[in-house]
Number of protein chains: 2
Amino acid sequence: MSGMAAGVTIYDVAARAGVSIKSVSRVLNGEANVSPALRESVNTAVAELGYRRNLSARSLAGSSSSIIIAMVDEALTIEHWRSGRGNDYLSRLELGLLMECRQADYYLMVELVDYGAATLRRDLSAMLAAIRPEGVVLTPPNSDHPVVLDVLDEAGVAYARIGPERDLDRGVRIRMDERQAAEDITRHLIELGHRRLAHIAGPSAYSASRLRREGFEAALRKHGLAVDESLILEGDFTFQSGLQGVERLLALAERPTAVFAANDDMALGALQGAAAAGLSVPGALSVAGFDDTPSALFSTPALTTIRQPVAEMAAAAARRLVPTLRGEMPRSSDLNEETVPYQLMVRGSTGPLA
Amino acid sequence: MSGMAAGVTIYDVAARAGVSIKSVSRVLNGEANVSPALRESVNTAVAELGYRRNLSARSLAGSSSSIIIAMVDEALTIEHWRSGRGNDYLSRLELGLLMECRQADYYLMVELVDYGAATLRRDLSAMLAAIRPEGVVLTPPNSDHPVVLDVLDEAGVAYARIGPERDLDRGVRIRMDERQAAEDITRHLIELGHRRLAHIAGPSAYSASRLRREGFEAALRKHGLAVDESLILEGDFTFQSGLQGVERLLALAERPTAVFAANDDMALGALQGAAAAGLSVPGALSVAGFDDTPSALFSTPALTTIRQPVAEMAAAAARRLVPTLRGEMPRSSDLNEETVPYQLMVRGSTGPLA
DNA sequence: GTGAAAGCGCTAACAT
DNA sequence: ATGTTAGCGCTTTCAC
């Protein structure tokens, strides 16, 4: 009897507990006005029967579906498919969402979205109509997508935005302090004794690139170092551009002794460029990245970088979306925004000059 | 009007097309006995209203829920959470599932499962009762979990098993040829001129370890090379064990000139061990791995390895689970088993002796 | 504090 | 070839 949970309905529970289905529903939903005795007998019946409410029936009948959707960029997914690689960011995101969903008895659905489609608006509202999720989690760069935010607002679906950069008054915002993180890692280099620091920035279209660059420059200034424009290059977040960037930097008359790349892929490229030029890292050149991608740990030497708290941000996002957990009632101004701490991972690629 | 898909029901479509809801349902489900004219007008109305069937209503009323569940190991997830890393395997799996679900208009739900729980049986059947998925995708090592298979069978839920190793008559099996892949990569080493080949095997508890070792030995024999037991070590799939393994191998009187590790992490450890011993790779020692983890590309030199077709296996799994796509009617014996091709990725870590 | 009845938006039998 | 009716398993009014 104990394993046969399939087919057990609220009527079975009600019958066993000798109450009405409404009472069972009340207990299950933690509503008020339920006598302890009734609650007790219902809970017993639920346990004995191995009952669990049917998700479809709940979302059809009620206003809450208990479903959270992670929207995934289709173009990016196809790209990953082609290259045969997974998506570390997405993986960490999901991990955070899953951990939180489990606690709140929520369900996680993953949906592919073609953000470039001309029919995006319609696609999205059709999807929302079909699933009626209780909340949606948005990731960069789509956390800022105006059409997406509009559709979500119109449909009255709650949403959390990871790393939003614009429209900072809409939805739940979950972020990390990119600027401060860049400043921290730069200060780490300065404290190692470096005075000629270079930065391989990301594409200026991304405001994360801008923030990281700002953090870099802020650290220099705070330590009385001049910002030398010839030591700041713009890459495109790829391994190649990091490699090329470091080649240019090493060709300068006055070489930098440390390079901070705006992401790990570029830093890894820089590492390879340094090796190709016969420079020992960190003896002759220190290299730092940003993101803490899986490869950062396995490069030689392992990469000093900033670990983005992706899973933690995702968990925070889910927490804000789920009423059960939301009950804590934070101060009103905090309500819709949360900054999650990052971590500076100091590894072998940075050190004092040998 | 066009954006307001939320709230549009089958009744609205029926009214607009001037037909009954049953006719709309017929068209939507591609049932027979529908006149072209009716189909046409329904499709027009659907398009005009931006209608999409409500998932909950469908699964509640019908026998098909259009939901596929990817079961994810909770313990593993927590471990990843702690380490702050994503799960590349899972990510690639999902990618394949998503791509296939999109085509069939299916939905992907991700569920955490505590395979170690004493209440596993009950947990699973409760979950199945709550979601009523149309299919479940199982990943190693849980593709072989007897309790899981039993519960699934009892509940009558279809399931696909990625890389099954036992009970090869149950469910849909999707696999790659581990043995042949190991043989291929070993042959690659032999063809480079190596004659003293070592193997760092995985834990013998995993049958993948066994198969890879068999492939390794088969390649040796086919090329008239003796299998030297002193050159076969057992690791535990960790970086550390690869490092220690290669240290032991390099301490031998007659060193091997090539090492095939049963997974990338161990191969990466071997790479580091070789570097520590002052051996150039591949000039003095060739190193090959298995899996093609993300780090394999970024090691120095990049790792020669076998790319497991995880996404492709997942896609195949989903395809077998989804009736719409299943329609192709393969030869009966093929019906429930599919072997997906792997890829030998030759990179810088293997080459002839310098 | 508890229960009866009416849907939620579909699909599935059964009409016709 | 098309329509009518009755549920699926819950939540939600609204009674008591």
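Throughout, a chain's letter reflects where its sequence line sits, starting with A, and its residues are numbered from 1. This structure is a prediction, so every number in the text was calculated from the model and none was measured.
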Practice item. Indicate yes or no for a side-chain donor-acceptor contact from A:Glu134 to the backbone of A:Ser66 under 3.5 Å, with no hydrogens or angles considered. Key: yes

Review point. Quick one: A:Asn54 CG to C:dC8 P, roughly how many Å, whole number?
Key: 18 Å

Review point. Considering only D:dC10, C:dG9, D:dT2, which nucleotide approaches the side chain of A:Ile10 most closely?
Key: D:dC10

Study note, to complete from the structure: note: A:Lys22, atom NZ; C:dG3, atom C1'; distance rounded to Å ~ 10 Å

Practice item. Locate the shortest heavy-atom distance separating A:Arg52 from B:Ala130; write the atom from each residue and the value. Key: CG-CB, 3.7 Å

Exercise for review: Return the 5'-most residue of the pair B:Ser20, B:Leu60 with respect to DNA chain D, ranking by each residue's nearest nucleotide.
Suggested key: B:Ser20

Revision key, fill the gap. Between A:Val34 and A:Tyr11, the residue closer to the 5' end of DNA chain C by nearest nucleotide is A:Val34

Revision key, fill the gap. Separation of C:dC10 atom P from B:Asn29 atom CG, nearest Å, is 11 Å

Point to revise | Nucleotide nearest A:Ser35 (side chain, heavy atoms from C-beta), chosen from D:dT5, C:dT2, C:dA5 | key: C:dT2

Revision key, fill the gap. B:Ile131 atom CD1 is separated from D:dG9 atom P, nearest whole Å, by 16 Å

Point to revise | Atom-pair distance (CG on B:Leu28; P on C:dT11), nearest Å | key: 7 Å

Check your understanding: Of the nucleotides D:dT11, D:dG9, C:dG9, which one has an atom closest to the side chain of A:Ala57?
Key -> D:dG9

Exercise for review: Considering just the side-chain nitrogens and oxygens of A:Ser63, establish if one lies under 4.0 Å of OP1 or OP2 belonging to D:dT11.
Suggested key: no

Check your understanding: Can you name the nearest heavy-atom pair linking B:Ser143 to B:Arg161, along with the distance?
Key -> O-NE, 2.7 Å

**Study point:** Contact nearer the 5' end of DNA chain C, comparing B:Arg58 with A:Ile21
**Key:** A:Ile21

Exercise for review: Search all heavy atoms of A:Val110 against all heavy atoms of B:Leu98 and return the closest pair with its distance.
Suggested key: O-CD2, 3.5 Å

Study note, to complete from the structure: note: A:Leu49, atom CG; D:dG9, atom P; distance rounded to Å ~ 14 Å

Point to revise | A:Arg26 (side chain) and C:dG3 (base): donor-acceptor pair under 3.5 Å | key: yes

Practice item. Decide yes or no for B:Tyr159 and B:Asp153: does some side-chain heavy atom of the first lie under 4.5 Å from some side-chain heavy atom of the second? Key: yes

Review point. Between D:dG9 atom C1' and A:Arg53 atom CZ, what is the distance in whole Å?
Key: 12 Å

Review point. Of the nucleotides C:dA12, D:dC8, C:dG1, which has the atom closest to the A:Asn33 side chain?
Key: C:dG1

Practice item. Nearest whole angstrom, please: distance from the C1' of C:dT11 to the CD of B:Glu31. Key: 9 Å

